[in-house]
Number of protein chains: 2
Amino acid sequence: MRWQDIDQQPCSLARTLAIIGDNWTLLVLRDCFMGVRRFDDFQQRLGVTRHVLSDRLRKLTEGGVLDKVAYQERPLRHEYRLTAMGKELYPVIVHLAQWGDKHLAGEHGAPLIRYHRQCGEPLEAQLQCSHCGDTVKPTDIRVEENPYWAGQILVNS
Amino acid sequence: MRWQDIDQQPCSLARTLAIIGDNWTLLVLRDCFMGVRRFDDFQQRLGVTRHVLSDRLRKLTEGGVLDKVAYQERPLRHEYRLTAMGKELYPVIVHLAQWGDKHLAGEHGAPLIRYHRQCGEPLEAQLQCSHCGDTVKPTDIRVEENPYWAGQILVNS
DNA sequence: ATAGTTGGTTCCCATTTGGAACTTATAGTC
DNA sequence: GACTATAAGTTCCAAATGGGAACCAACTAT
């Protein structure tokens, strides 16, 4: 199977990765959450080649994660902004960064610290069930198949 | 900059993606959390080519996310298990899948439903600050630079 | 008239991927 | 003893993708 066909999988994670799972794309999103909006700013910060950046921004826009809006006419110039849908990827970015902070930081510590404004403390993100408010561990989850795709997703349980 | 040099960046997210940010790798991890451990099982479920799978499993093992352990001698056979460090990526997987469930599911709905055993309800994961217990939105976060890398990460604020 | 800015596209070459066949070591069956 | 199956890869080739650099278009500023 080719990577470009994974958006045809029923799995929600596969479909998500069809939009944001490419090399460089999650780093583009990191910069979006840092307030970067313009092509050349992305390009300089990431060091990615221009045609790859162009392709990734197009895929994110087509996928509904970014919105390409004109910020001036004459000459026409566009910038890329997170949509509401895109902003919902924030937990993914935070957990990825936090995992790196914890396991991959060198002797100088994490390069960025995220403070929770409301309590003033460095953010320690956890997986929380919004229904009961409890913190969730992998073993706390029971997975059930949607009968429509019975047998196509789960191999074991 | 080449993608393979991304692990030299100070950014924790970039370092994380150097291990798990490749195409296919997050799908390998999805299967790990579903209990898949063996090479041929990964290969058949993902449809990825065998040498790419071999490469990704090696990178995950070198990165400390998976552990390659022999499950039999004669003939020697190995399987891949999540390490404690690997299991901490569970929130990333859950949030990615949940985002796909919400925004990319077709008419038949999400293919898998995750139930929280403790409360019995379908899991709705949220970003939570473990210090104060509040739910966290992107605007609730204030980012500060570690002075050691001053100016190298943040462009604006 | 010339240089600079912004947001790309085009070109070439090297690396990576997809697909399939092959390998190694062993167990089980005819 | 010969054949087949299993598991976990490795090797091969053609096609697709990526890195690096140059180029282009439509302006603005000096």
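Below, chain A is the first sequence line, B the second, and so on; all start at residue 1.
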Next on the checklist: Between H95(B) and H95(A), does the ring pair (Phe, Tyr, Trp, His ring centres under 6.0 Å) criterion hold? Intermediate values first, please.
Outcome noted: CA-CA 9 Å; H95(B) 276 107; H95(A) 276 108; 5.3 Å; yes
Euclidean distance, atom [atom1] of residue [X] to atom [atom2] of [N] [Å, nearest integer]:
{"X": "H78(B)", "N": "dA25(C)", "atom1": "NE2", "atom2": "P", "value": "14 Å"}
{"X": "L46(B)", "N": "dG18(C)", "atom1": "CG", "atom2": "C1'", "value": "14 Å"}
{"X": "D40(A)", "N": "dC27(D)", "atom1": "CG", "atom2": "P", "value": "18 Å"}
{"X": "R2(A)", "N": "dA14(D)", "atom1": "CZ", "atom2": "C1'", "value": "14 Å"}
{"X": "R58(A)", "N": "dT17(D)", "atom1": "CZ", "atom2": "C1'", "value": "13 Å"}
{"X": "E73(B)", "N": "dA27(C)", "atom1": "CD", "atom2": "C1'", "value": "16 Å"}
{"X": "I6(A)", "N": "dT17(C)", "atom1": "CD1", "atom2": "P", "value": "14 Å"}
{"X": "E79(B)", "N": "dT6(D)", "atom1": "CD", "atom2": "C1'", "value": "16 Å"}

Whether over 12 other heavy atoms sit under 6.0 Å from [X] [atom1]:
{"X": "E62(B)", "atom1": "CD", "answer": "yes"}
{"X": "E121(A)", "atom1": "CD", "answer": "yes"}
{"X": "K87(A)", "atom1": "NZ", "answer": "no"}

Next on the checklist: Reading DNA chain C from 5' onward, which residue's closest nucleotide shows up sooner: L76(A) or M1(A)?
Outcome noted: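 Its nucleotide being nearer the 5' end, the pick is L76(A).
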Checklist entry - R38(A) side chain: which of dG7(C), dA7(D), dT26(C) is closest? => result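 Per side-chain heavy atoms of R38(A), the pick is dG7(C).
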Checklist entry - Among dT17(D), dG19(D), dT28(D), which nucleotide sits nearest the side chain of Q4(A)? => result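 Minimum distance to the Q4(A) side chain belongs to dT17(D).
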Next on the checklist: For a quick check of understanding: with a heavy-atom distance under 4.0 Å over all strands, which category does R56(A) fall into, base, sugar-phosphate or nothing?
Outcome noted: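 Answer is sugar-phosphate: R56(A) comes under 4.0 Å of backbone atoms only.
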Checklist entry - Looking for any heavy atom pair under 4.0 Å, which part of the strands does Y80(B) touch: base, sugar-phosphate only, or nothing? => result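 Sugar-phosphate only.
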Next on the checklist: For Y80(B) and F42(B), take the angle between the two ring planes, folded into 0 to 90°, and tell me which bin it lands in: parallel under 30, tilted 30 to 60, perpendicular over 60.
Outcome noted: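 It falls in the perpendicular class, over 60°.
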Next on the checklist: Which label fits W24(B) and W3(A): parallel for a plane angle under 30°, tilted from 30 to 60°, or perpendicular past 60°?
Outcome noted: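 Rings of W24(B) and W3(A): perpendicular, over 60°.
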Could you go over nucleotides 9-12 of chain C and give all protein N or O partners under 3.5 Å, atom names and distances?
{"residue": "dT9(C)", "atom": "OP2", "partner": "S54(A)", "partner atom": "OG", "Å": "2.8"}

Is it true that [X] and [Y] have a side-chain N and a carboxylate O under 4.0 angstrom from each other?
{"X": "R142(B)", "Y": "E144(B)", "result": "yes"}
{"X": "R15(B)", "Y": "D101(A)", "result": "no"}
{"X": "R2(A)", "Y": "D5(A)", "result": "yes"}

Checklist entry - Under a 4.5 Å cut-off applied to non-hydrogen side-chain atoms, are R38(A) and Y71(A) in contact? => result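 Contact flag for R38(A)/Y71(A) side chains = yes.
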Next on the checklist: Tell me if the side-chain of R77(B) makes a donor-acceptor pair with the base of dA7(D), cut-off 3.5 Å, by modelled atom types.
Outcome noted: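 Yes.
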Item to check | Short side-chain N/O contact to dG19(D) OP1/OP2 from W24(A), under 4.0 Å | outcome: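 It does, given that an N or O in the side chain of W24(A) lies less than 4.0 Å from OP1 or OP2 of dG19(D).
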Checklist entry - Going by heavy atoms closer than 4.0 Å, what residues in residues 64-72 of chain A are next to DNA chain C? => result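 Within this stretch, K68(A), Y71(A) sit under 4.0 Å of the strand.
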